[in-house]
Amino acid sequence: SSMNSSFYVTRPGITPVQQMLASGTGALLTSLFVTPLDVVKIRLQAQQTPFYQGRTLTDNIHWKCFLYCNGLMDHIYVCQYGASCTSWYKTPTHFSGTLDAFVKITRNEGVRSLWSGLPPTLVMAVPATVIYFTCYDQLRDLLRYGMGFQGNYIPLVAGGLARLGAVSVISPLELVRTKMQSQKLTYSELRVCIRSSVAQDGWLSLWRGWGPTVLRDVPFSALYWFNYELVKAQLCDQYHVSQATFSISFTAGAISGAVAAIMTLPFDVVKTRRQIQLGEMETLGVPVKNPTSTWHIMRGIWAESGYRGLFAGFLPRVIKVAPACAVMISTYEFGKIFFQKMNLDREQQAC
């Protein structure tokens with residue numbers, strides 16, 4: 001639409017650093033908002049699968065891998081018996097469901113334990129999200145103005161590429177963090193550990209689990225931005241505003257997040273299985289044999305439990321992803337508008 005293209009040209013620029021600040025704030029808020037949902041989910045999971053003996057060469061330790069996700073990024077959370085996370089893990093309280101878990105955790109362990117997974121999440125989610133959102137904006141503007149492309153497919157391409165970049169940068173860091181968590185390594189030991197792993201299996205071993213991550217995240221991201229820009233433009237038209245308000249970007253973010261989450265759910269189910277598999281192999285120090293391919297796992301799940309299995313966890317994922325996307329994008333857009341105003345005021349004062 002003509003309105004759309006003119007709206008992008010006239011928008012006062014903001015610097016990449018300001019984009020980073022805006023997306024960083026968004027990631028922080030999203031993590032704060034979604035972490036309780038995830039802590040509850042992990043606790044309900046933990047209830048179904050109690051600790052089991054993990055045999056290593058040195059001793060018998062109890063540990064477990066959980067997938068921790070703040071709606072934007074996923075993290076393997078390695079939980080050791082006798083380590084920090086047992087404070088919330090070993091509590092004998094039995095939960096009958098999500099709401100019950102919320103109430104009991106708050107009552108018995110205090111409100112703070114609902115945010116018990118935050119530090120590892122923030123360490124990864126904030127930089128990953130900053131890279132991802134800033135890349136998206138830069139790529140979209142490059143395609144629009146640098147190369148003069150027009151059309152609705154631009155957010156699709158920019159979103160997919162930005163996520164590919166973010167995943168590739170974060171993947172090795174995530175693997176390293178899992179190793180640190182599971183083996184309680186100091187930084188110097190970690191260096192040795194990474195060196196030996198690279199010497200053994202080559203540099204590519206640092207990107208283990210990259211495939212299934214890309215298969216889920218890149219389509220999700222492409223769909224998300226494509227739908228987001230479309231819904232946002234339609235809502236702007238409907239309410240006759242030239243720039244999206246906070247509530248418009250919040251609504252558009254929630255809708256496009258939900259749609260993308262539903263469409264990529266089968267890949268999510270596979271990726272969770274795969275990551276937990278990898279996490280457990282890493283933690284046990286088992287030499288990681290090439291994990292089964294994504295399609296292979298999918299066929300297995302299909303044979304086991306039909307399409308139901310591939311869309312398992314449908315409601316919890318949508319309930320988490322939609323508000324996470326909404327909080328993230330509306331904070332980001334709000335931050336950008338804030339910096340645009342600030343830059344404009346500065347320019348006018350300079351004149």
Side-chain angles (χ1 to χ4, degrees), residues 23 26-27 30-31 34 38 67-77 120-121 123-140 153-178 204 206-229 253-254 256-279 291 293-295 297-298 310-314 316-318 320-329 332:
S23 54
T30 309
S31 296
V34 186
D38 218 62
L67 199 66
Y68 184 97
C69 162
N70 68 344
L72 301 166
M73 293 281 160
D74 294 6
H75 315 282
I76 284 279
Y77 194 75
T121 301
V123 168
M124 300 306 284
V126 175
T129 309
V130 166
I131 295 169
Y132 169 44
F133 275 75
T134 311
C135 278
Y136 169 73
D137 262 9
Q138 295 290 327
L139 276 168
R140 186 197 58 201
Y153 63 88
I154 289 174
L156 197 83
V157 177
L161 285 174
R163 193 52 177 254
L164 193 64
V167 167
S168 305
V169 172
I170 292 297
S171 211
L173 294 177
E174 184 70 341
L175 201 78
V176 166
R177 202 185 57 84
T178 310
L204 284 177
L206 290 179
W207 277 269
R208 225 172 245 145
W210 180 83
T213 309
V214 166
L215 266 180
R216 188 210 61 182
D217 284 359
V218 172
F220 175 89
S221 179
L223 283 167
Y224 171 73
W225 287 109
F226 177 73
N227 286 324
Y228 173 71
E229 301 279 5
S256 49
V259 170
I262 293 165
M263 289 172 84
T264 56
L265 194 66
F267 290 108
D268 191 52
V269 173
V270 171
K271 180 171 169 269
T272 305
R273 280 201 182 190
R274 192 83 163 268
Q275 274 192 322
I276 285 178
Q277 229 180 20
L278 275 171
S293 79
T294 302
W295 297 118
I297 297 178
M298 272 195 181
L310 285 176
F311 287 90
F314 164 77
R317 175 152 157 85
V318 173
K320 189 162 63 191
V321 172
C325 287
V327 171
M328 177 65 218
I329 195 76
Y332 181 55

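Atom set for the values below is all heavy atoms of this structure, side chains included, hydrogens, waters and symmetry mates excluded.
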Point to revise | Partners passing side-chain hydrogen bond (donor to acceptor under 3.5 Å, both in side chains) against S221 (at least two apart in sequence or in another chain) | key: Y132
**Study point:** Note, P323 side chain near V34 side chain (heavy atom, < 4.5 Å)
**Key:** no
**Study point:** Sequence-distant partners of S256, side-chain hydrogen bond (donor to acceptor under 3.5 Å, both in side chains), two or more places apart
**Key:** none
Point to revise | Distance-minimising heavy-atom pair for R140 and A158 | key: N-CB, 3.8 Å
Exercise for review: Might you work through the side chain to side chain contact (heavy atoms under 4.5 Å, CB included) test for L223 and V259, ending with a clear yes or no?
Suggested key: CA-CA 8 Å; L223 283 167; V259 170; 5.9 Å; no
Exercise for review: Go through the steps to decide whether C135 and R163 satisfy the test side chain to side chain contact (heavy atoms under 4.5 Å, CB included), and finish with yes or no.
Suggested key: CA-CA 8 Å; C135 278; R163 193 52 177 254; over 6 Å; no
Review point. Taking the side chain as C-beta and beyond, is there a heavy-atom pair between Y332 and D137 under 4.5 Å?
Key: yes
Point to revise | Side chain to side chain, Y224 and I329, heavy atoms closer than 4.5 Å | key: yes
Check your understanding: Does any non-hydrogen side-chain atom of C325 lie less than 4.5 Å from one of F220?
Key -> yes
Check your understanding: Roughly how far, to the nearest 0.5 Å, is CD1 of I170 from CG of D217?
Key -> 11.5 Å
Point to revise | Set of residues satisfying side-chain contact (heavy atoms from CB on, under 4.5 Å) with respect to P127, sequence neighbours excluded | key: none
Check your understanding: Donor-acceptor pair, W207 side chain versus S168 backbone, under 3.5 Å?
Key -> yes
Point to revise | Flag side-chain contact, heavy atom, 4.5 Å: V214 against L164 | key: yes
